[in-house]
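Just so you know, ligand 1 is whichever comes first in the structure, and atom 1 is the first atom listed for that ligand. Along the sequence shown, residues are numbered consecutively beginning with 1.
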Amino acid sequence: MALTVVPAVGPVLERVLDDTFPLWHEGLTREKYGRYWAAQLKTPWSAAHLDRVALQDGPHTVSSAKRYDLAFLIDGRIRRVLGIGAVFTAPAYRGRGAATELLTRLMERAEAEGYEFAALFSAIAPAFYEQLDFVPVPLTERRLEVDQKGGGPPAVLVRSGDDRDLPAIAEMSAARAAGARLSVARGEDYIKFGVARQRLLAGLGPPGLREVEFLVTEEGHQAVAYLLCVAHLGRWTIEDAGDRDPSGARLGAMLQVMLSRHPGEAVPEIRGWFPHGLIPPQVRVASATPTREVLMIRPLKDRMLPLPPLSAEEVTFWHGDRF
Ligand SMILES: CC(C)(COP(=O)(O)OP(=O)(O)OC[C@H]1O[C@@H](n2cnc3c(N)ncnc32)[C@H](O)[C@@H]1OP(=O)(O)O)[C@@H](O)C(=O)NCCC(=O)NCCS
């Protein structure tokens, strides 16, 4: 039977969701896992930039993956990047080249459509993706300790973020990205998708399992710092953050305000993929380690495209940018 790549919709999607649910349910029920995917597709960004495809052998769904249409800023140029996520082969079909076939076809198609790079996050030993010419991009996860001394929270105005803050947030992202050799080029819709995705996961999960805080600090009616944080099992993950102040002092103050709202509770472990140079003065880096999931990238169109070795300090990539 000839293999074909088809959009994962209808019964094919249900099959893919049934197969991947045990691995990637993130605390959701099977029904909510399906709703989580459907709801993600309804945001303005994902409607045009995200889908799921399956490799079919006749009626049988063999492998599947998510496709993201991303833009990275690499050495000062915007590059269109095929983001590949959730690569999965049904257990009965493993070890026969199905995932390799699906990835190869997706990359061939992307190349024909003008994409310049493909990227993915590997949760498995990187050898599999290295065979397909992907190379790792180093990313650092930092654990932060926030100075809470000095009596009482700092006097900064912190409120919930919303759509009117998106232009200022996009501007802060762009300013930070300009100093990096590799970063995600993030428009307003993309940033909104990042917030929506976290809120959907928290909202569909059991009450209290995940809590999302999307906060901004305002000055003159404009957001000058922001923070997207997910609290989960005693850990805060900073999914995304920014500060107009290059020192990150407002961001540090926001963390102090957040902690002051939970007096008497055990201090959470705070982690984030903080870019080099954005460590607020109120914060001590308790540890810095390579991220568990490894970002890997390869050129598509022109194998000679420059992707010089990058150091983690040269990359700005937030946990919330994972795909
Ligand atoms: C990883 C996965 C997609 C590979 O699918 P597949 O169709 O069997 O892949 P292929 O037949 O094209 O290639 C097989 C190769 O994958 C690699 N591989 C499979 N599982 C792996 C793992 N857990 N760690 C490292 N490499 C792995 C091996 O190199 C294997 O080669 P081998 O069969 O000679 O040992 C499949 O095992 C799977 O769905 N696993 C569960 C989901 C998952 O972990 N996805 C990857 C997320 S990054």
Pair Glu269-Arg235, salt bridge (Lys or Arg N to Asp or Glu O under 4.0 Å): steps then yes or no: CA-CA 5 Å; Glu269 186 180 293; Arg235 174 185 287 189; 3.0 Å; yes
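Considering both main-chain and side-chain atoms, Gly95 comes within under 3.5 Å of ligand 1 through a nitrogen or oxygen pair. Polar contact check, Val87 against ligand 1: a nitrogen or oxygen pair lies under 3.5 Å apart. Considering backbone and side-chain atoms together, Thr89 places an N or O closer than 3.5 Å to an N or O of ligand 1. Of the polar atoms of Arg96, at least one N or O is found under 3.5 Å from an N or O of ligand 1, judged by distance alone. Polar contact with ligand 1: absent for Ser63 (N/O pair, distance under 3.5 Å).
The proximity of Leu120 to ligand 1, defined as any non-hydrogen pair under 4.0 Å, does not occur for either the backbone or the side chain.
Other residues, nucleotides and ligands place more than 12 heavy atoms under 6.0 Å from the CZ atom of Arg322. Remark: Arg292 CZ is loosely packed, at most 12 non-hydrogen atoms of other residues, nucleotides or ligands lying under 6.0 Å away. Under a cut-off of 6.0 angstrom, the local environment of CZ in Arg271 is crowded, with over 12 non-hydrogen atoms contributed by other residues, nucleotides or ligands.
The minimum heavy-atom distance between Arg250 and Ala225, with the atom names listed, is CB-CB, 3.7 Å.
Taking every heavy atom of Thr100 and a limit of under 4.0 angstrom, the matching atoms of ligand 1 come to 10 (P), 12 (O), 13 (O). Interface atoms of ligand 1 facing Ala125, defined by a heavy-atom separation under 4.0 Å, are 24 (N), 25 (C). Those atoms of ligand 1 that come under 4.0 Å of a heavy atom in Leu23, given as number and element, are 41 (C), 42 (C). Set against the non-hydrogen atoms of Ala98, the atoms of ligand 1 under 4.0 Å away are 7 (O), 11 (O), 12 (O). Taking a cut-off of under 4.0 Å to the non-hydrogen atoms of Phe88, the atoms of ligand 1 that pass are 39 (O), 42 (C). Of all atoms in ligand 1, numbered sequentially from 1 with element shown, those under 4.0 Å from a heavy atom of Phe121 are 48 (S).
Of the protein's non-hydrogen atoms, Ile124 CD1, 4.8 Å is the one closest to atom 19 (C) of ligand 1.
For atom 28 (C) of ligand 1, the nearest protein heavy atom lies 4.0 Å or farther away. In this structure, atom 34 (O) of ligand 1 is not in close contact with the protein, since no protein heavy atom lies within 4.0 Å of it. Taking a distance limit of 4.0 Å, we find that atom 25 (C) of ligand 1 is approached by some protein heavy atom. Of the protein's heavy atoms, none falls inside 4.0 Å of atom 31 (O) of ligand 1. Shown here, atom 44 (O) of ligand 1 is in close reach of the protein: a heavy atom of it lies under 4.0 Å off. Using a 4.0 Å threshold on non-hydrogen atoms, atom 41 (C) of ligand 1 counts as touching the protein. For atom 22 (C) of ligand 1, a protein heavy-atom neighbour is found at a distance under 4.0 Å.
Panel note: side chain Arg96, backbone Ala92; a donor-acceptor pair is recorded below 3.5 Å. The closest donor-acceptor contact from the side chain of His60 to the backbone of Val62 lies at 3.5 Å or more, if one exists at all.
For atom 48 (S) of ligand 1, the nearest non-hydrogen atom from the set Ala123, Pro91, Ala86 belongs to Ala123. Nearest to atom 38 (C) of ligand 1 by heavy-atom distance, out of Glu101, Arg94, Glu130, is Arg94.
A heavy-atom separation below 4.0 Å is found between Gly97 and ligand 1.
Rounding to the nearest 0.5 angstrom, the gap separating the CZ atom in Arg143 from the CZ atom in Phe274 is 13.5 Å.
Ser46 and Tyr68 are not linked by any side-chain donor-acceptor pair at a separation below 3.5 angstrom, with hydrogens and angles left out of the test. Between the side chains of Ser63 and Thr89, at least one donor-acceptor pair of N or O atoms lies under 3.5 Å. A side-chain N or O of Ser173 and one of Arg186 form a donor-acceptor pair less than 3.5 Å apart. Thr289 and Glu141 form no side-chain donor-acceptor contact under 3.5 Å, judged by distance and modelled atom types alone.
The closest side-chain heavy-atom distance from Phe72 to Leu182 is below 4.5 Å.
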